[in-house]
Enquirer: 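Quick one: structure below, then a few questions.
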Amino acid sequence: MSLIYVVEDDSNIREIETFALKNSGYSVAEFECAKDFYKRVAERVPNLIILDIMLPDDDGLNIVKKLRSNPETKRTPVILVTAKTSEIDMVKGLDVGADDYITKPFGVMELIARVKAILRRSDNQEEKKLISFEDIFIDGDKHMVYIKDEPCELTYKEFELLKLLINNAGIVMTRDIIMERVWDTDFEGESRTLDMHIKNLRQKIKNSKVTIKTVRNVGYLVEKED
């Protein structure tokens, strides 16, 4: 049974999230502040963290940064929950290392769909192998990406997305296929999440010879930069 930590200072939202997750068969521990959350994480790392971006004693983005800097929680999936809807806030969340985000108000079915998708991806480890294309090298065993022999820090989803595209270099990957293989879901709201991950990924690999091209109304493909 997967263990999920819910970090939310709004008791009503926290209760709804916890109730929905437990009804879906997950083990849940809930926290209303960062202090208690940090203490529990030091004792046991969960399978997934659902984190409110606005807490009374710390900022959600700062918490994600701390999690990603800790070897024990570096790869722990994080879903940010936020009332902020501007693109810049969403980009910041993904950029510091969050794997996904969900905006308030949200439906219980949407929350559970996202949780299931992320846990399926993190639990279902694909074959570990070395992949390279031009000056990008992917070490699946260590879950690391190198550009011109320099490490490139990617979130879990960014890593899976880049690996999929490079494994199919020169082939157009449709949006539907990408969402199915990387997000393991057909939830239509993921379309915007995909766009933002592509945007972040392009920024992170901008110094390489590889480019991610948009094929309008179809999807994306990776190829050598002209």
Side-chain angles (χ1 to χ4, degrees), residues 2 47-48 64 68 74-80 87 90-91 93-102 110 113-226:
S2 295
N47 300 99
L48 173 68
V64 175
R68 294 298 175 247
K74 186 174 183 178
R75 299 299 177 189
T76 304
V78 177
I79 298 178
L80 280 180
E87 181 172 327
M90 296 174 185
V91 169
L94 296 173
D95 194 49
V96 297
D99 297 273
D100 202 355
Y101 65 87
I102 186 169
E110 178 184 357
R114 289 176 181 270
V115 167
K116 286 182 176 179
I118 286 185
L119 287 176
R120 279 198 297 265
R121 293 302 302 175
S122 60
D123 290 341
N124 181 28
Q125 296 294 328
E126 297 180 3
E127 70 279 5
K128 300 180 185 299
K129 56 184 179 180
L130 304 179
I131 307 167
S132 64
F133 180 67
E134 295 298 331
D135 55 0
I136 292 182
F137 177 79
I138 298 176
D139 186 336
D141 210 21
K142 297 180 179 178
H143 215 274
M144 284 294 299
V145 172
Y146 300 87
I147 298 177
K148 298 177 181 177
D149 296 325
E150 293 294 326
C152 176
E153 289 292 332
L154 301 180
T155 66
Y156 180 81
K157 291 296 186 183
E158 290 168 352
F159 179 89
E160 294 297 318
L161 177 56
L162 181 63
K163 184 171 70 172
L164 175 64
L165 292 173
I166 285 185
N167 264 330
N168 296 276
I171 301 173
V172 178
M173 302 299 291
T174 67
R175 299 173 68 87
D176 288 342
I177 288 177
I178 293 173
M179 286 192 286
E180 178 184 343
R181 295 188 185 179
V182 177
W183 275 265
D184 198 15
T185 181
D186 58 2
F187 179 65
E188 63 180 16
E190 297 291 0
S191 180
R192 181 168 174 77
T193 299
L194 170 58
D195 293 337
M196 298 186 70
H197 274 74
I198 289 289
K199 181 178 180 180
N200 284 353
L201 199 50
R202 281 172 171 157
Q203 179 64 26
K204 291 184 178 182
I205 68 170
K206 65 181 181 180
N207 293 326
S208 76
K209 298 177 181 178
V210 176
T211 183
I212 302 174
K213 289 194 173 182
T214 300
V215 180
R216 191 172 181 181
N217 298 323
V218 181
Y220 301 95
L221 84 156
V222 152
E223 60 183 22
K224 180 180 178 180
E225 193 170 39
D226 297 331

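What you see is a predicted model, and the numbers here were worked out from it, not measured in a lab.
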Enquirer: How long is the straight-line distance from OG of S2 back to CG of L48, given to the nearest 0.5 Å?
Expert: 8.0 Å
Enquirer: CG/L161 to CG/L201 distance, rounded to the nearest 0.5 angstrom?
Expert: 5.5 Å
Enquirer: How about L165 and I198: do any of their side-chain heavy atoms sit closer than 4.5 Å?
Expert: yes
Enquirer: When you check the gap from the basic side-chain N to the acidic O, do K157 and E160 get nearer than 4.0 Å?
Expert: no
Enquirer: Mind listing the closest non-hydrogen atom pair of F133 and A169 along with its distance?
Expert: CE1-CB, 3.7 Å
Enquirer: Using salt bridge (Lys or Arg N to Asp or Glu O under 4.0 Å) as the criterion, list what pairs up with K206, not counting sequence neighbours.
Expert: none
Enquirer: Y220: which residues meet the ring-ring contact (aromatic ring centres under 6.0 Å, His included) condition with it, sequence neighbours left out?
Expert: none
Enquirer: Do you know the tightest heavy-atom contact between N200 and D95?
Expert: ND2-N, 3.9 Å
Enquirer: Out of curiosity, I79 CD1 to I102 CD1, how far, rounded to the nearest 0.5 Å?
Expert: 7.0 Å
Enquirer: In terms of ring plane angle, is the pair H143 and Y156 parallel, tilted or perpendicular, where the classes change at 30° and 60°?
Expert: parallel
Enquirer: Do K163 and R181 have side-chain heavy atoms sitting under 4.5 Å apart?
Expert: no
Enquirer: Let me see the working for T155 and L94 under side-chain contact (heavy atoms from CB on, under 4.5 Å), right down to the final yes or no.
Expert: CA-CA 8 Å; T155 66; L94 296 173; 5.9 Å; no
Enquirer: Using every non-hydrogen atom in the two residues, find where I147 and S208 come nearest and quote the distance to one decimal.
Expert: CG2-CB, 3.5 Å
Enquirer: If you compare all heavy atoms of G140 against all heavy atoms of F159, which two are closest, and at what distance to 0.1 Å?
Expert: CA-CZ, 4.2 Å
Enquirer: For K204 and E158, indicate whether the former's side chain and the latter's backbone hold a donor-acceptor pair under 3.5 Å.
Expert: no
Enquirer: How far apart are the closest heavy atoms of M173 and I177, and which atoms are they?
Expert: CE-CG2, 3.5 Å
Enquirer: Might you work through the side-chain contact (heavy atoms from CB on, under 4.5 Å) test for I171 and L221, ending with a clear yes or no?
Expert: CA-CA 6 Å; I171 301 173; L221 84 156; over 6 Å; no
Enquirer: Is the shortest heavy-atom distance from the side chain of I136 to the side chain of V222 under 4.5 Å?
Expert: no
Enquirer: CD/E134 to CD/E223 distance, rounded to the nearest 0.5 angstrom?
Expert: 10.5 Å
Enquirer: Taking all non-hydrogen atoms of both residues into account, name the closest pair between L154 and R75 and its distance.
Expert: O-NH1, 3.5 Å
Enquirer: May I ask you to test the D149-F137 pair for a side-chain heavy-atom distance under 4.5 Å?
Expert: no
Enquirer: Can R68 and D99 be counted as an ion pair, charged N to O under 4.0 angstrom?
Expert: yes
Enquirer: Can you name the one residue among R114, R192, K116 that meets salt bridge (Lys or Arg N to Asp or Glu O under 4.0 Å) with D100?
Expert: R114
Enquirer: For I178 and W183: C-alpha separation, side-chain torsions, deciding distance, then whether side-chain contact (heavy atoms from CB on, under 4.5 Å) applies.
Expert: CA-CA 7 Å; I178 293 173; W183 275 265; 4.2 Å; yes
Enquirer: Please assess R202 against T214 for the test side-chain contact (heavy atoms from CB on, under 4.5 Å), listing each intermediate value before the final yes or no.
Expert: CA-CA 11 Å; R202 281 172 171 157; T214 300; 2.6 Å; yes
Enquirer: Going by an N to O cut-off under 4.0 Å, is there a salt bridge joining D195 and R175?
Expert: yes
